[in-house]
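Notes follow once the structure below has been shown.
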Amino acid sequence: MAKGFYISKNMGLAGLLMGAVAVVIIIALAAVYDKEKTKNQNKPVDGVAMLTTASPTTSSTLSTPKDPWEHYRLPDSLSPVSYNITLWPRLVVNASTGLYIFTGQSAVVFQCKKDTDLIVIHCNKLNLTLLNGHHARLTGLDGATAPTVKTSWLQVKTEYLVIQLNGKLTAGKSYRLSTDFQGELADDLKGFYRSEYTEDGGKKVVATSQMQATFARKAFPCFDEPAMKAVFHITLIHQRGTVALSNGRDVDGTEVTMTRFEPTKRMSTYLLAFIVSDFDHITGSIENNNVLVRIWARRKAIAEGHGNYALNVTGPMLNFFERYYNASYPLSKSDQIALPDFNAGAMENWGLITYRETALLYDPAISSVGNKERVLTVVAHELAHMWFGNLVTLRWWNDLWLNEGFASYVEYLGADYAEPTWNIKEQTILNDVHKVFAVDALASSHPLSRKEEEVNQPDEISEMFNTISYSKVLYVLEHLLQQGSLCSRTSPTSYLNEFAFNNTVYSDLWDHLQKAVLTTPGMSLPHTVHDIMNRWILQMGFPVVTIDTATGHITQKHFLLDPDSVVDRPSPYNYTWLVPIKWMKGGVEREQHWLLQETGISNWVLANLNVSGYYRVNYDMDNWERLLNQLTTDHTVIPLINRAQIVDDAFNLARAKVINTTLALRTTRYLSQERDYIPWESALRNLNYYILMFDRGQAYGVLQGYLKMQITPLFEYFRTITVDWTRVPTGHNDQMFRVNVIVFLLFNDADFVFMQLFIDRIHPNLKTTVYCNAIAAGGVAEWDFAWQMFKNATVATEAAKLRSSLACTKVPWLLNRYLDYSLDPAKIRKQDCTSTINYIAGNVVGMPLAWDFIRARWNYIYTDIVISTMTTANIKWVAENQEPVMKWLANECT
C-alpha cells in the first residue's frame with residue numbers, strides 16, 4: 001500500500017505550516033477524546049446502514065477469550081487450498097432495500113491439519129442464505145466423509161462464521177465449504193464497495209474493492225489472514241456495457257453478463273481485487289516478455305491521455321525490478337486502475353493495482369511537477385510489491401515492515417531508473433528519514449517488529465500502517481544492503497526463490513542476508529546480520545551519536561525529542577545499537593566504523609556520510625565551529641544530503657536540549673549562498689516549527705525579518721534564471737524549489753506583488769499558491785467561484801489543488817460552511833474528509849472553528865489519532881527559547 005495521503009508539493013511550505021497546526025489540533029483532540037473514540041468504534045459511521053444477519057450469536061463476558069471463536073486469530077486446524085467465487089454487483093439501487101447490493105457464492109476447498117469438530121472462518125457484514133437450515137454446506141472430497149452441521153452462527157465481535165459439527169474432520173483430508181450470501185455495495189471504501197463519479201452530465205457507479213488488511217471477509221467468507229494463501233477462481237457477473245477486472249486475465253467473457261478469470265497464483269486474501277466499471281484503458285507490454293500491461297481509468301481521462309505517463313514508466317520499472325530481483329514478473333498481466341473513491345494512496349493487489357486518481361493520472365497541461373513525481377514514486381512502490389509482499393508475504397501483520405519497508409527501499413531505485421535526471425533517491429532524506437525521525441523520537445513510538453500477541457484485533461492491525469513500518473526500514477536496510485556487494489541480487493533473489501508463494505518472518509530475511517555475507521568475497525561484518533539488525537527492529541527509536549574530537553571518543557544514547565519524557569517500553573538491548581559510521585575528514589571519505597562501545601577517533605569529522613545510517617549526530621563544540629566555518633567558506637565540500645542533515649540534526653538536537661538553540665540557528669547562516677533544493681527544504685521545514693511556536697508572539701517579527709533576509713537572494717536567483725518569471729526552470733528539483741521560495745515569502749508578508757506577476761500565466765506548479773492567495777484576499781464571491789471550479793474539475797489533481805485552497809479564506813462563516821461540506825459525501829468525497837478538515841485547521845481563522853466542529857460531531861468522525869506529549873513539550877520549549885532566539889535574530893538582522 002502506498003505511503004499515506006498526498007498533499008500537493010505545489011502547496012510547498014504553506015502546506016507544511018497548515019499541516020503542523022493541524023497536527024497540534026489533532027493531538028489536543030486526541031487527549032480529550034481518546035476514551036470517547038473507544039466507546040464509539042463500533043457505531044455506524046456517517047449514518048451508513050449496515051446489513052446484518054438474523055442468526056444466533058454468542059458472546060463471552062469474560063475478559064480473557066475462552067472459546068476459539070472469541071480469539072481474533074484463526075485456529076491452526078484448517079488450511080485453505082482454493083476458492084471458487086462468483087460475485088454479482090448491482091450498479092443500481094435495489095428497489096426493496098434502497099441500497100446498492102451484491103450477491104455471491106463461494107466454495108472454499110480446505111485441508112484439515114488437525115482433527116476438529118469446529119470450522120471458524122472470517123465473515124463480516126454479509127447476509128448468509130440458510131442452506132438446509134444452516135449458514136453453509138460442507139462436503140467431503142477425495143473419499144472423505146463430511147460430518148453433518150450441528151449448529152452455526154455469526155460471531156460479530158471477532159468477525160467469524162462459526163460452524164460446529166456432529167463429528168470430527170480428519171487430519172490430512174480435504175473438504176469443501178459452500179456459502180451463498182448478499183452484502184451491501186456501500187460507499188465505505190472497504191471490502192467490495194461502491195465508487196461514484198459524474199461524466200458527460202450523468203452519474204456513473206463503479207464496483208471496486210479494498211481488501212487490505214481485514215476486509216476480504218466483507219466480500220465473501222474466507223480465511224482472512226496473510227498466511228492463509230490459496231488459489232482463487234473468480235467469476236464476475238455484470239451488466240452489458242461494463243468491463244470486469246480481477247487479479248488474473250479474463251479467459252472468457254460473453255455478451256451476456258459473465259466474465260471468468262484465470263486461476264490466480266497461490267496468494268493471500270488481502271491481495272484480491274474485483275472491479276466492474278465502464279472504464280477504458282491503454283495497453284503496453286514488458287519488453288521481451290509476454291506480459292500485458294494496461295492502465296484503466298474513466299473514459300474521458302484515458303481519451304485525454306492522462307494515463308500515458310504511468311504507462312510509459314511501468315514497462316521500464318518492471319524490467320528493472322525483474323533484473324534487480326533476478327526473477328521474472330510472476331503473472332500474465334499487470335493492470336493498474338485509477339478510482340474516483342479510494343481510501344489509501346494505492347493498493348498492490350496482485351495483477352490489478354488500485355490507485356487514487358491523483359496517484360496514477362497525470363495531465364501535463366494541468367498537473368504540477370509534484371503530481372508527476374507522486375505518480376512515479378507510487379507506481380514504483382506498488383510494482384516493487386509484486387515480488388516483495390505478493391510473491392513472498394509476511395506471515396502476520398506484526399511484521400508489516402517486511403512488506404512495506406523493502407518496497408519503500410526499492411521504490412526509489414525503480415523511480416531513479418525510470419527518471420534518472422530527477423535524483424529521486426536524494427529526496428528520501430526529506431520524504432522518509434526526517435518524517436520518521438519525528439515520530440520515532442517520541443517515547444510513544446514502537447519497534448518495527450512487534451510481538452504477534454500485540455497485533456490481533458483489526459484496529460491493532462490498522463495501527464501498523466504508519467510511518468515507522470514504511471519509512472524507518474528504508475535506512476535500517478541501507479545499513480546492510482550497501483555493505484560491499486551485498487546490495488547485489490544475491491540475498492533478495494535467494495529469499496524470493498525459497499519462499500515464493502509462501503509466507504515468512506523477519507528472521508528468514510536475516511538468514512539469507514547472512515548467507516550473502518558468508519559467500520561474498522571480501523565481505524565481513526563485525527557481528528552477525530541477526531545481531532546487527534535485531535537491535536534496529538526489536539527496539540524502538542534510534543541513537544544520537546556524539547563524537548568528541550577533543551578526546552577521540554564516540555558514544556551513543558537513545559534520542560528523545562522531549563528529554564523529560566519517560567520510556568515505558570523495555571528494550572532487550574537496553575537501547576543500544578550497532579551503528580555503522582561512515583565519515584569524512586577534511587573532505588575525504590574514511591574507513592567505516594561500527595559503533596557499539598566507545599571507540600577512539602581524532603580530528604574534525606563529518607559523520608553519517610550521505611545519511612547512510614539511521615541516527616542523528618552531535619559533535620563537540622570545536623567540531624561544530626569547524627563545520628559551520630566550512631559551510632560559510634565553501635559549503636560544496638560537504639555533500640548535498642549532509643548539508644540538509646546538519647541543519648535537521650542541529651534543530652532537533654536543540655529541541656531535545658542537547659545543544660543550544662542559537663547553535664541550530666547558526667546552521668542557517670550559509671543558506672543565502674545555497675542554491676540546492678534539499679538543504680533549503682530541510683531548513684525551511686525546521687524553521688516552520690519556530691514560526692508555529694512564535695506565531696503572534698514578540699519573537700515573530702525578528703524571525704520574519706531574518707527569514708526574508710536569507711531567502712531574498714534565492715528569490716532573486718530564480719527571478720534571473722526564469723527571466724523575470726517568464727520561463728520554468730528545467731531541473732525537476734528547481735521547479736519545486738522555485739515554488740517553495742515564492743510560497744514562503746508570501747506567507748511571511750513579502751513586499752512584492754505576486755498576483756500581478758502570475759495571475760495571467762499560472763503554471764501548473766504555481767496554481768495552488770495562486771488559488772490560495774486569491775481566496776484568502778477575497779470574499780464570498782471568490783470562494784463561491786473557486787467552489788464551482790472545484791465541482792466542475794474533471795482532473796483529480798486540479799480538484800485537489802482547489803480543495804486545499806478553499807480552506808485559505810479568512811471569512812469565518814465560509815470556513816464553517818466548508819466544515820459542514822466536509823461531512824457531506826455529495827460535496828466532499830469520504831476519502832477526502834479528514835484532509836479537508838486538516839486544511840481548515842491549518843488556517844489561523846479556521847483553527848478554533850475546526851476544534852468546535854470536531855467536538856460537536858465526534859461520533860461521526862472516526863479517525864486514527866496518535867496521542868503524544870508534544871503539546872506540553874512545545875509550550876515548555878517556547879518559554880525556554882523565545883528570549884535567546886529573539887536576541888540572536890535581532891543581532892543577525894542588524
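Remark: H446 pairs with no residue by the ring-ring contact (aromatic ring centres under 6.0 Å, His included) rule, at least two apart or across chains. Judged as a ring-ring contact (aromatic ring centres under 6.0 Å, His included), and not counting sequence neighbours, F261 has no contacts. For D76, the side chain to side chain donor-acceptor pair (under 3.5 Å) partners are K114, not counting sequence neighbours. With sequence neighbours excluded, the residues forming a ring-ring contact (aromatic ring centres under 6.0 Å, His included) with F279 are Y197, listed by chain and number. Residues passing the ring-ring contact (aromatic ring centres under 6.0 Å, His included) test with Y821 are W787, sequence neighbours excluded.
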Query - F406 and W387: CA distance, side-chain angles, deciding distance, ring-ring contact (aromatic ring centres under 6.0 Å, His included) verdict - result: CA-CA 10 Å; F406 202 91; W387 291 265; over 10 Å; no

Report task. Determine, stepwise, if the pair S835 / N838 fulfils side-chain hydrogen bond (donor to acceptor under 3.5 Å, both in side chains). Result -> CA-CA 5 Å; S835 59; N838 280 346; over 6 Å; no

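There is a side-chain donor-acceptor pair under 3.5 Å between D335 and W296. Counted by atom type alone, S178 and Q105 present zero donor-acceptor pairs between their side chains at under 3.5 Å. No donor-acceptor contact under 3.5 angstrom links the side chains of D278 and T242, judged on distance only. Between the side chains of Q155 and W153, at least one donor N or O lies within less than 3.5 Å of an accepting N or O. With hydrogens and angles left out, the side-chain atoms of T264 and N247 include no donor and acceptor closer than 3.5 Å. Counted by atom type alone, S82 and R266 present zero donor-acceptor pairs between their side chains at under 3.5 Å. Donor-acceptor pairing under 3.5 Å is lacking for the side chains of D180 and T129. Side-chain contact, T358 with R374: no donor N or O sits under 3.5 Å from an acceptor N or O. Side chain to side chain, S195 and D187 fail the donor-acceptor criterion of an N or O pair below 3.5 Å. Neither side chain, T208 nor R194, offers a donor N or O lying under 3.5 Å from an acceptor on the other. Judged purely by distance below 3.5 Å, without hydrogens or angles, the side chains of S332 and E262 pair a donor atom with an acceptor atom. Using modelled atom types and a 3.5 Å distance limit, the side chains of N166 and T148 yield a donor-acceptor pair. Looking only at atom types and distance, the side chain of H238 has a donor-acceptor partner in the side chain of T259 under 3.5 Å away.
Side-chain atoms of I121 and F110, non-hydrogen and from C-beta on, never get closer than 4.5 Å to each other. M386 places none of its side-chain heavy atoms less than 4.5 Å from the side chain of S334. You'll find the side chain of I337 stays beyond 4.5 Å of the side chain of Y355, heavy atoms only. R395 is listed as a side-chain neighbour of E452, based on a closest heavy-atom distance under 4.5 Å. At a threshold of 4.5 Å between non-hydrogen side-chain atoms, the residues E411 and T377 count as touching. Put simply, the side chain of T393 does not reach to within 4.5 Å of the side chain of T504, judged on heavy atoms. Contact check for F232 versus V108: no side-chain heavy atoms found under the 4.5 Å cut-off.
Between E184 and K125 there is no salt bridge, since no side-chain nitrogen of the basic residue lies less than 4.0 Å from a carboxylate oxygen of the acidic one. Salt bridge absent: E196 and R829 never bring a charged side-chain N and a carboxylate O closer than 4.0 Å. Classification of E159 and K218 as a salt-bridged pair fails, no side-chain N sitting under 4.0 Å from a carboxylate O. Under the 4.0 Å criterion applied to side-chain N and carboxylate O atoms, D832 and R356 are assigned as salt-bridge partners.
No side-chain donor-acceptor contact under 3.5 Å links E454 to the backbone of R450. The backbone N or O of Y160 lies less than 3.5 Å from no partner atom in the side chain of T158, so there is not a single donor-acceptor pair. In terms of modelled atom types and a separation under 3.5 Å, the side chain of D67 and the main chain of W69 share no donor-acceptor contact. Between the side chain of Y506 and the backbone N or O of L394 there is no donor-acceptor pair closer than 3.5 Å. For T235 (side chain) and R260 (main-chain N/O), no donor-acceptor pair under 3.5 Å exists by modelled atom type. Listed for the N403 side chain is no donor-acceptor partner under 3.5 Å among the backbone atoms of L400. Panel note: side chain R176, backbone V109; no donor-acceptor pair is recorded below 3.5 Å. N390 places a side-chain N or O within 3.5 Å of a backbone atom of E348 that can act as its donor or acceptor partner. Counting only distance, with no hydrogens or angles, the side chain of H135 and the backbone of L128 share no donor-acceptor pair below 3.5 Å. Of the possible polar contacts, none joining the Q210 side chain to the F342 backbone as a donor-acceptor pair under 3.5 Å is found.
Between V378 and A359 the shortest heavy-atom distance is CG1-CB, 4.0 Å. Looking at every heavy atom in both residues, L91 comes nearest to L185 through CD2-CD2, 4.2 Å. Here the shortest heavy-atom pairing between F501 and K265 reads CE2-CB, 3.6 Å. Residues Y175 and L138 come closest through the heavy atom pair CB-CD1, 4.0 Å.
A perpendicular orientation is assigned to the rings of F102 and F181, their planes being inclined by more than 60° (bins at 30° and 60°).
Listed by first then second residue, pairs satisfying ring-ring contact (aromatic ring centres under 6.0 Å, His included) with a partner in residues 208-231 read Y83-F220, not counting sequence neighbours.
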